[in-house]
Undergrad: 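Below you will find the structure I want to go over with you.
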Amino acid sequence: SQADELVTVNDLKMYFPVRSGVIFQKKIADIKAVDGVSFSIKRGETLGLVGESGCGKTTTGRCILQLYRPTEGQVLFEGEDLVQLKGSNLRRFRRRMQMIFQDPYSSLNPRMTIGEIIGEGLKLHTSVSADSLRERVAEWLEQVGLKADHMSRYPHEFSGGQRQRIGIARALILEPEFVVCDEPISALDVSVQAQVINLLGELKERMGLTLLFIAHDLSMVRYVSDRMAVMYLGSLMEVGKADQVYFSPKHPYTEVLIGSNPEADPELEQKRPSTTIQGEIPSPVNVPPGCRFSNRCPKAMDQCHEVTPELINLTDVDRQVACHLYN
């Protein structure tokens, strides 16, 4: 039902202009980073958004939070269209939505202490006294597994995993309702990844968060998400419950994407049929007509190269696929 949905994205488009010329920067084309994406996230749910690098996942996340202002489309947060809001009206929503960034090295200001970094949002959005600000920061440092006396240190004194914990504390100290996790573990060491994921899981349960979890590692997304959306070249290919998408993919692209995940058991890995995608990803500047994946799809038919498939509901409401095989 509509009432359960915290975030709804309708036909979101984000085009970046390509300009040429030195003085008169004439627009010659658009990079269609996100091209007509629609989905919704229920309150308390984790939606995993997966796809290979450059498919528009991060751009989608940033458009939802209005870090990029979308070219077209709606982003409804509790029914309010954020795309239409400006200034103080948008600021009201800012503290309710936060982002955990991909790179823990570039997302923390090297000239600020950890205490300043984590407390910055509180300082901007609330009129909290200096003492209680320190208390809250200390409290959050401990919640993410660091020590309160780390407050006066600088980011360069911490490892990648610790920095990502600082990033998590910065995002969650405002007690947001919705958090975009943009590949929060892809820059981290494998041994640290599980710790950060488990920390996020604990905090989500405790705070009742709603998450958009962006990643390209499908098995990780299956582990953390309730539902999964698969993206390719700015469009959604398939949406469904995480286990359904992972174990019985419907779209040929999802099949290949899951097939490219190596098996942990070396004997199984040797017996597994190899799946490689032929061809290159088309450029987002001149997107081919028809289905985005048609030039690389092993099951492509004539109409796939001409008609763009709609994202349609399969048997149940939670399962959608954009593929002519099902029309």
Side-chain angles (χ1 to χ4, degrees), residues 9-18 28-39 47-61 63 70-73 214-218 221-222 227-242 244-262 272-327:
V9 176
N10 291 326
D11 202 25
L12 184 72
K13 294 182 180 171
M14 184 72 215
Y15 295 173
F16 296 100
V18 181
I28 51 169
D30 277 313
I31 293 178
K32 297 181 176 176
V34 178
D35 200 6
V37 165
S38 303
F39 58 84
L47 176 71
L49 184 60
V50 288
E52 47 200 309
S53 300
C55 72
K57 314 182 288 288
T58 297
T59 306
T60 302
C63 285
T71 311
E72 252 179 65
I214 298 171
H216 54 251
D217 177 356
L218 276 137
V221 171
R222 195 199 118 223
R227 288 189 308 135
M228 196 192 286
V230 179
M231 198 168 180
Y232 178 79
L233 201 66
S235 279
L236 286 185
M237 298 284 134
E238 181 168 357
V239 184
K241 295 201 172 85
Q244 284 183 333
V245 175
Y246 193 81
F247 291 113
S248 60
K250 295 282 186 247
H251 197 285
Y253 174 63
T254 318
E255 287 176 11
V256 179
L257 202 58
I258 288 164
S260 66
N261 253 19
R272 206 173 57 117
S274 84
T275 47
T276 49
I277 312 187
Q278 301 303 316
E280 290 292 313
I281 301 184
S283 152
V285 177
N286 44 14
V287 177
C291 173
R292 301 297 162 96
F293 189 55
S294 59
N295 65 331
R296 306 170 73 192
C297 178
K299 300 179 181 173
M301 305 171 285
D302 289 347
Q303 61 179 8
C304 299
H305 299 288
E306 289 145 27
V307 186
T308 306
E310 296 283 310
L311 196 64
I312 55 160
N313 286 333
L314 287 174
T315 44
D316 86 56
V317 185
D318 270 347
R319 194 87 163 94
Q320 296 161 306
V321 66
C323 180
H324 289 306
L325 291 171
Y326 300 94
N327 287 7

Undergrad: Closest approach of Gln320 and Asn313, non-hydrogen atoms and distance?
TA: CG-OD1, 3.0 Å
Undergrad: State, with a plain yes or no, whether a side-chain heavy atom of Ser38 is found less than 4.5 Å away from one of Val9.
TA: no
Undergrad: Which heavy atom of Leu236 sits nearest to which heavy atom of Ala322, and what is that distance?
TA: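 Closest pair (atom of Leu236, atom of Ala322, distance): O-CB, 3.7 Å.
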Undergrad: Would you give the length of the straight line joining atom SG of Cys323 to atom NZ of Lys250, rounded to the nearest 0.5 angstrom?
TA: 11.0 Å
Undergrad: Decide yes or no on side-chain contact (heavy atoms from CB on, under 4.5 Å) for Val221 and His216, but give the supporting numbers first.
TA: CA-CA 8 Å; Val221 171; His216 54 251; over 6 Å; no
Undergrad: Between Thr60 and Leu49, does a side-chain contact (heavy atoms from CB on, under 4.5 Å) hold up when you go through it step by step?
TA: CA-CA 9 Å; Thr60 302; Leu49 184 60; 4.2 Å; yes
Undergrad: Drop me the distance from Cys63's SG to Met14's CE, to the nearest 0.5 angstrom.
TA: 5.0 Å
Undergrad: Does some side-chain heavy atom of Ile281 sit less than 4.5 Å from a side-chain heavy atom of Arg296?
TA: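 Answer yes - side chains close enough.
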Undergrad: Are there more than 12 heavy atoms of other residues, nucleotides or ligands under 6.0 Å from atom CD of Glu310?
TA: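 Counting other residues, nucleotides and ligands, CD of Glu310 stays at 12 neighbours or fewer.
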Undergrad: Is the shortest heavy-atom distance from the side chain of Glu238 to the side chain of Arg319 under 4.5 Å?
TA: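 When only atoms from C-beta onward are counted, Arg319 and Glu238 do touch, with a gap below 4.5 Å.
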Undergrad: Check whether any side-chain heavy atom of Cys55 lies under 4.5 Å from a side-chain heavy atom of Leu233, and answer yes or no.
TA: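 No, every pair of side-chain atoms sits at 4.5 Å or beyond.
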Undergrad: Measure up the Tyr232 and Phe293 rings against each other and bin them: parallel (under 30°), tilted (30 to 60°), perpendicular (over 60°).
TA: perpendicular
Undergrad: Considering non-hydrogen atoms only, spot the tightest contact between Leu257 and Val230 and give its length.
TA: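 That closest heavy-atom pairing would be CD2-CG1, 4.1 Å.
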Undergrad: Do you know which of Cys291, Cys304, Ser294 makes side chain to side chain contact (heavy atoms under 4.5 Å, CB included) with Pro309?
TA: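 Among Cys291, Cys304, Ser294, the one that satisfies the side chain to side chain contact (heavy atoms under 4.5 Å, CB included) with Pro309 is Cys291.
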Undergrad: Within a strict 4.5 Å, meaning less than it, do heavy atoms of the Met228 and Leu218 side chains meet?
TA: yes
Undergrad: Can you find a heavy atom in the side chain of Leu325 that is under 4.5 Å from one in the side chain of Met301?
TA: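 Yes; the side chains approach each other to less than 4.5 Å.
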Undergrad: Considering only heavy atoms from C-beta outward, does the side chain of Pro252 approach that of Val256 to under 4.5 Å?
TA: no
Undergrad: Please give me the minimum heavy-atom distance between Val285 and Ala29, naming the atom from each residue.
TA: CG1-CB, 3.6 Å
Undergrad: So do the side chains of Tyr15 and Ile31 get within less than 4.5 Å of each other, counting heavy atoms only?
TA: no
Undergrad: Look up atom CD1 in Ile258 and atom CZ in Arg222, then write down how far apart they are to the nearest 0.5 Å.
TA: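 Spacing of CD1 (Ile258) from CZ (Arg222) equals 10.0 Å.
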Undergrad: Please confirm whether the backbone N or O of Val307 pairs with a side-chain atom of His324, one donor and one acceptor, at under 3.5 Å?
TA: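 Side chain of His324 to backbone of Val307: a pair is present.
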Undergrad: How close do Val50 and Lys57 get, counting heavy atoms only, and between which atoms?
TA: C-CD, 3.8 Å
Undergrad: Give me each pair satisfying salt bridge (charged side-chain N to carboxylate O under 4.0 Å, His left out) with a member in residues 275-287, each pair once, sequence neighbours excluded.
TA: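 Every candidate salt bridge (charged side-chain N to carboxylate O under 4.0 Å, His left out) pair involving residues 275-287 fails, so no pair, neighbours aside, qualifies.
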Undergrad: Under the side-chain contact (heavy atoms from CB on, under 4.5 Å) rule, what do Val239 and Arg227 come out as? Steps first, then yes or no, please.
TA: CA-CA 7 Å; Val239 184; Arg227 288 189 308 135; 3.8 Å; yes
Undergrad: If you measure only the distance, is there a donor-acceptor pair under 3.5 Å linking the side chains of Tyr253 and Glu52?
TA: yes
Undergrad: Let me confirm one number: the SG-CZ distance from Cys297 to Arg292, rounded to the nearest 0.5 Å.
TA: 14.5 Å
Undergrad: Applying salt bridge (charged side-chain N to carboxylate O under 4.0 Å, His left out), name anything that partners Glu72, two or more places apart in sequence or on another chain.
TA: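 By the salt bridge (charged side-chain N to carboxylate O under 4.0 Å, His left out) rule, Glu72 matches Lys13.
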Undergrad: Compare every heavy atom of Ile214 with every heavy atom of Thr58, then report the nearest pair and how far apart it is.
TA: CA-CD1, 4.2 Å
